[in-house]
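Right, one structure below, let's go through it.
Please read all numbers here as calculations on a predicted model, not as lab measurements. Here is the naming used below: chain letters follow the sequence lines, and residue numbers restart at 1 for every chain.
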4 protein chains.
Amino acid sequence: MKSKEEVVQEFRIHTIQEATMRVIARKGMAAATMQEIAEEAGVAKGTIYLYFRDRDELVEKTFETAMTQLGDRIDKVLETSLSFEEKLREAIRVRLAFFRENREFFRLYLSLRMPEGTPQQQRRQKRTCHPQYRTRVQKFAEVLKDAMKRGEIRELEQYRLALFVIEGSTAIILERLNEEAPPPEEADVEFMTQLILDGVRKR
Amino acid sequence: MKSKEEVVQEFRIHTIQEATMRVIARKGMAAATMQEIAEEAGVAKGTIYLYFRDRDELVEKTFETAMTQLGDRIDKVLETSLSFEEKLREAIRVRLAFFRENREFFRLYLSLRMPEGTPQQQRRQKRTCHPQYRTRVQKFAEVLKDAMKRGEIRELEQYRLALFVIEGSTAIILERLNEEAPPPEEADVEFMTQLILDGVRKR
Amino acid sequence: MKSKEEVVQEFRIHTIQEATMRVIARKGMAAATMQEIAEEAGVAKGTIYLYFRDRDELVEKTFETAMTQLGDRIDKVLETSLSFEEKLREAIRVRLAFFRENREFFRLYLSLRMPEGTPQQQRRQKRTCHPQYRTRVQKFAEVLKDAMKRGEIRELEQYRLALFVIEGSTAIILERLNEEAPPPEEADVEFMTQLILDGVRKR
Amino acid sequence: MKSKEEVVQEFRIHTIQEATMRVIARKGMAAATMQEIAEEAGVAKGTIYLYFRDRDELVEKTFETAMTQLGDRIDKVLETSLSFEEKLREAIRVRLAFFRENREFFRLYLSLRMPEGTPQQQRRQKRTCHPQYRTRVQKFAEVLKDAMKRGEIRELEQYRLALFVIEGSTAIILERLNEEAPPPEEADVEFMTQLILDGVRKR
DNA sequence: CATGAATGAGAATTCATTCAT
DNA sequence: AATGAATGAATTCTCATTCAT
């Protein structure tokens, strides 16, 4: 069982991460300062450093925490025994819902899923995608592979297909979040599902 | 005819913009400093300010210059009288080629096409896409509309469709640029073209 | 009662303002850098920005603080029920003493009482005197008006008269501060008092 | 006789100095840049350096040239055999006229007559008045001395008296230049003359 | 001589991080 | 553990000065 200290600690971490997402959502990654995050969280700047080594780690862990939540929700869908079409529709539905409920996280997600420089960084590493993002893509690629085996969909390079579908739908989610009056969620779910399944060609 | 001064000026601007793209490609938007851009361009810091008001304008103009080049190339394709399928294939081909030839620009493109905070910014404007990006999407949406009218493709919301296709293919381009040994370009062109046209469903 | 934090804060502000005056006294307004002020105050550059928005505010507030001190001392004299001659003599005495005690402030006073450009300024406003200076002149003009009403002095345009007297005596104070061995303060007090009262004409 | 080259040279110098005064009048000493002065003068930045070692020398020489003009005009008055009262009145009249005709110079005069820091300067010299200004004061002090000898005015310390009168009247000239509708020049000439001669005391 | 593009030292300001309380 | 004042490295931008044309 968790000791009282652990509970308090987890609560602090949670509070800080929530604040981090809100501030990044408001100001963007680059303009989000430790000062503002601290204020938003209602703690002192120094307190953040008790739980996170530095700014990079704070952002990183915040991203991971939220990504894990999203991942868990999607995994739950993908691990069912639904048909591919149903899994696809449901996964899209879950993503739309998750980003609606976690609007703040979306900006962070946009910044981190793909390579982007952070302030202060000097590293010259070959930029690739964030590991968690890559894992997500891979899991989806697995599902695609299964569907191919079962003859539900055509044989296609799975990783590329996964990327295409995920980024295509991310674009539409962003569009929705920027729209004054977006259409019903279900309409976009259906739009994407059909698009992915049947393409654009008239038959 | 251009005077000698104009030629020199254009050359300088070009050199600086090239350097800007290289540095952003290496360090990312946020970590790209004026100092490093100047070094990369082989000029003094102050020189950059002779041609660009400030960092924001440098980045903005650099983005616009490259986007205009890409846009021109794609427009040339879209304005032909090819069938939709051929236009789509050719447009994808052009994008792949452009980003292969302008690897450096791609990172800048990733940073700017979509809302992301720039340093120093305090603005609280509703974040939406970069105007040039939006224009690109809209032009593609027009082409889709025409194809619908001509019965080549199904009736679908065009702007969303355009976004989905563009971002989906951008993801694959990024993947290619990060791959040690990407498949032949033509393979990915065909992959995407068929995917968009026919979807994933087996028939 | 003041909390400990307030005391510390006020002390810091005081220290920084003192340093500001010393540096300006040494280098002049334009050449006084934040770096040097910080060193003089024995704090880091950044610390100054905890207490003052920017260089302009630092200089402005420093000026105002000292001007207010001087103003208070002079007001105390002007609000007594002394005769005009006594008020004048006493006010001059106070000014001489104040600038002796606050030598450093005097350079700042010379720079700011009257219009002069500050670095970075682009403003094209009609330059006039500093509000605090103007207030000082006006208060003295009021006293002159009273003395006229009471028939102690001749009827003259008061604001101009106030300006003349203040700037005339400022010049002598500057002279004193630059002299190796200035005459006793009381001598200059008497010199100015008699000059203002009786002019130069022999009778 | 002057060679053609000398004439051209003198003309250039004159043009540049005029421009310098106008720019300083507009922007103030600190904000007056070489670039703007060059533009105002209609020459290239580099050209200025053909005639003046650096910014300091440009400003210095410009000040001196104008001060010499003012000095010459005043000397012409002081060297007449007028009575002291007439000399005083006439000298004030000349100063008022000169600064009306050379409004631009006035700002430079305010900046330089008295010690003030110039940008880039590191010197730690004891700040005193500008030599030309000091000379002016001294000449006026001589005239005062003569008037004392001749019994026209009371015996007073001359240098201090000169300073007081000059700075007092400078303040009024500044006031005039800032006024929307200043009184007739002659009124202020008379105001100052009588003030200096008779003081403020009612008799 | 005249030019003005190029230079780079230097200034203001920001903000992640530390550490005494 | 929590705080937040203090720090100073890092960054952007300016402008006097130089020098190749």
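Atom CD1 of D/Ile48 is separated from atom P of F/dC19 by 18 Å (rounded to the nearest Å). Put simply, CZ on D/Phe52 is 18 Å from C1' on F/dT18, counting in whole angstrom units. Rounding to whole angstrom units, CD1 of residue D/Ile13 and P of E/dC1 are separated by 11 Å. For the pair C/Glu57 CD and E/dT14 P, the interatomic distance rounds to 12 Å; values are reported in whole Å. Distance CD (A/Gln35) to C1' (F/dT3): 12 Å, rounded to an integer number of Å. What separates OH of C/Tyr49 from P of E/dA11 is a distance of 12 Å, to the nearest Å. For the pair B/Leu58 CG and F/dT11 P, the computed distance is 16 Å after rounding to whole Å. In this entry the distance linking CG of C/Asp54 with C1' of F/dT12 reads 16 Å, nearest Å.
Among the nucleotides E/dA5, E/dT7, F/dG8, the one closest to any side-chain atom of B/Ala44 is E/dT7. With distances taken from any side-chain atom of A/Lys45 to the nucleotides F/dA6, E/dG10, E/dC15, the minimum falls on F/dA6. Side-chain proximity of C/Thr47 to F/dT17, F/dA6, E/dT17: nearest is F/dA6. Minimum atom distance to the side chain of C/Leu50 is reached by F/dA6, of the listed E/dT7, F/dA6, F/dT12.
The one candidate from B/Ile37, B/Val59, B/Thr62 that meets the side chain to side chain contact (heavy atoms under 4.5 Å, CB included) condition with B/Gln17 is B/Thr62.
Defined by atom type and a distance below 3.5 Å, a donor-acceptor pair is missing between the side-chain atoms of D/Glu5 and D/Gln9.
Remark: the backbone N or O of A/Arg107 is paired with a side-chain donor or acceptor of A/Ser111 at under 3.5 angstrom.
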